[in-house]
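Mind having a look at this structure? Questions to follow.
These numbers come from the heavy atoms of this one structure, side chains and all, not from hydrogens, waters or symmetry mates. Order of appearance sets the numbers: ligands from 1, and atoms from 1 within every ligand.
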Amino acid sequence: MSKKLTRRRSLYLGLGALTALATFAGNAELKRQRILALDDPQRNFTVVGGGSLKERAASIGLIYGAAIRHDHLRQDAKLAAAVKSECRMLVPEWALKWSTPKNPLRPNPDSFDFSAADEMLEFAHTQGMLFRGHTLVWHESLPDWFANNVNYQNAKQILEKHINTVVGRYAGKIHSWDVVNEAIEPRDGRSDGLRKTPWLKLLGTNYIDYAFRLAAAADPQAILVYNDYGLDYDTSEDEAKRNAVLKLLESLKLQGTPIHALGIQAHLDAAETAFNPRKLRQFLRNVASLGLKIMITELDITDKNLSVDTTVCDRIVARAYEEYLNAVLSEPAVIAVLTWGLSDKYTWLSEFQPRSDGVPVRPLLLDSDMNRKLSWNAVASAFDKSLNSDFSLVRKKLFK
Ligand code: 9MR
């Protein structure tokens, strides 16, 4: 009893101090964030031993890796060293898309430029790393020539040529392919939840099944993945997306489509409070019950909505990594955790979702000098924590 009183009293005092701070800052959100970050001083994200993430992940039957741009890998020896030491899998952030600003994989309908992708594959294989393909069908990476050259008559042949050529070139060398990326958008208003994309318009709803069949024929060994974002939170928007993705996966399985896994991008927001591990786990269970594996393919956690100093910010981000991984690692069908980048020096978020105060974002596991951050510790300790769990034992048995 007296213990309770003491605790309540100290909590009261603690909250009082935090409230004063927040009022001073004139920002209720700041108060909430500080409470979040400081409420549990015991949570110091301590990790034991110096093992890398790939080693810690391997001991629970999991693959850890990261997506990296080929130009960054080429230019930055410190980044390359960090990738070598932390990652078991490498994902080309740009090199295998139809088109990105500095790297047109398919500069025109009839030719391909594999130089960047080849370079990355060689780096990965020289280091004994697995390599992943991203992505074959994505409305956002279509080249400029697409709109004027692709029509109802030739769309099928253009897609066939793409998948046969790209997947065929790397057959047997790729761990998994994101065959179709981001094909669901409930807000587009269709009853099947499909996003209105040029592929849907040109080829009809069967384009997804068709792409998977082409990929399976071109590389029978690769794990074929449907990859999407917006599946993580307990919001009506994410709920609608989860339901539509599940419906899509069910119908693909029913048709006998050669699909093997769901890729959950997991671009998260450290300020989002609607995280419900139970709901997320239920979704993972539902996906797994279709006989599919699950890969967390693009994990990062933005701090752009946190208006606090770096230390507090880093604790909140670390905590979000820990919570998310605790939830997903309890599903044995989860075979890989991949972050979208490794160091804060290179993250798509600096360009696409910068902080409004102009402070550089810190969403990843290493800082700009390649030093391990608190979020690295959070990921490492989440891996370690699941070491002797039944889930890891099942995962190790199932996916050796
Ligand atoms: O991080 C990628 C960025 O550098 C590219 O400019 C952009 C367009 O190709 O794609 C970004 O990666 C996206 C990924 O391919 C699919 N899921 C969302 C990722 C972040 O936008």
Side-chain angles (χ1 to χ4, degrees), residues 65-76 79 83 87 89-107 113 116-117 120 131-147 162 166 174-185 187 195 197-199 208 211 224-233 237-238 241 245 261-270 272 294-304 324 336-355 360-366:
I68 307 287
R69 270 171 43 179
H70 60 280
D71 49 339
H72 295 155
L73 195 64
R74 193 187 292 151
Q75 290 153 17
D76 190 332
L79 173 72
V83 169
C87 299
M89 183 181 280
L90 182 64
V91 189
E93 188 172 347
W94 279 9
L96 280 168
K97 290 172 177 170
W98 285 55
S99 173
T100 36
K102 290 184 209 157
N103 180 59
L105 174 68
R106 195 170 178 182
D113 176 357
M120 287 203 84
F131 195 57
R132 189 168 145 68
H134 174 84
T135 172
L136 298 168
V137 180
W138 185 31
H139 61 286
E140 278 195 31
S141 69
L142 296 174
D144 290 343
W145 55 260
F146 193 92
H162 192 83
V166 179
I174 296 254
H175 170 273
S176 48
W177 265 110
D178 285 336
V179 179
V180 178
N181 194 42
E182 304 174 6
I184 292 290
E185 180 46 277
R187 282 182 301 188
R195 185 190 292 275
T197 71
W199 290 119
I208 300 179
L224 303 183
V225 183
Y226 172 72
N227 193 46
D228 215 330
Y229 66 90
L231 300 165
D232 315 282
Y233 290 118
E237 206 178 332
D238 283 17
K241 192 94 172 242
V245 164
L262 171 67
I264 295 180
Q265 293 186 9
H267 291 294
L268 306 180
D269 181 345
E272 176 61 68
I294 298 165
M295 303 178 70
I296 307 302
T297 49
E298 305 186 12
L299 179 59
D300 54 17
I301 306 188
T302 183
D303 62 332
K304 84 172 164 134
Y324 190 78
V337 169
L338 311 167
T339 48
W340 204 244
L342 182 59
S343 150
D344 291 337
K345 188 171 178 185
Y346 305 110
T347 160
W348 70 290
L349 291 163
S350 339
E351 186 193 340
F352 287 75
Q353 294 181 30
R355 290 178 60 109
V361 290
R362 298 171 58 85
L364 288 165
L365 310 185
L366 306 182

Q) Are R187 and E237 ion-paired here, with the side-chain N under 4.0 Å from a carboxylate O? A) yes
Q. Between Y233 and K241, is there a cation-pi geometry (under 6.0 Å to ring centre, at most 45° from the normal)?
A. no
Q.
Counting only heavy atoms closer than 4.0 Å, does ligand 1 sit against the backbone of E298, its side chain, both, or neither?
A. side chain
Q: Name the orientation class of the two ring planes belonging to H267 and W340 (parallel below 30°, tilted from 30 to 60°, perpendicular beyond 60°).
A: perpendicular
Q. Which option, Q265, K97, R69, E93, owns the non-hydrogen atom nearest atom 11 (C) of ligand 1?
A. K97
Q: Tell me which part of E351 gets within contact of ligand 1: side chain, backbone, both or neither, using heavy atoms under 4.0 Å.
A: neither
Q: Show which atoms of ligand 1 fall inside a sub-4.0 Å distance from at least one heavy-atom site of H267.
A: 18 (C), 19 (C)
Q: List the closest protein heavy-atom neighbour of atom 5 (C) of ligand 1: residue, atom name, distance to the nearest 0.1 Å.
A: W94 NE1, 3.4 Å
(Q) Just to be sure I read this right, does ligand 1 sit under 4.0 Å from the backbone of N181, its side chain, both, or neither, counting only heavy atoms? (A) side chain
Q. Hey, mind stepping through H134 and T297 against side chain to side chain contact (heavy atoms under 4.5 Å, CB included) and telling me if it holds?
A. CA-CA 10 Å; H134 174 84; T297 49; over 6 Å; no
Q: May I ask you to check whether N181 and Q265 show a side-chain donor-acceptor distance below 3.5 Å?
A: yes
Q. If you count the atoms of ligand 1 from 1 in the order shown, which ones are under 4.0 Å from a heavy atom of T100?
A. 9 (O)
**Q.** D269 and K304 ion-paired at < 4.0 Å
**A.** no
Q: Please state which part of F352 comes within less than 4.0 Å of ligand 1, counting heavy atoms only: side chain, backbone, both or neither.
A: side chain
Q.
Looking at non-hydrogen atoms alone, which of W348, W138, Y346 comes nearest to atom 20 (C) of ligand 1?
A. W348
**Q.** Distance-only N or O hit between ligand 1 and H134, under 3.5 Å
**A.** yes
Q | Polar contact flag, side-chain donor to acceptor under 3.5 angstrom, D300-W348 | A | yes
Q: State the atoms of ligand 1, each with its element, that fall below the 4.0 Å cut-off from a heavy-atom position in E182.
A: 16 (C), 17 (N), 18 (C)
Q | Summary of salt bridge (charged side-chain N to carboxylate O under 4.0 Å, His left out) pairs that have at least one residue in residues 339-348, sequence neighbours excluded | A | D76-K345, D344-K373
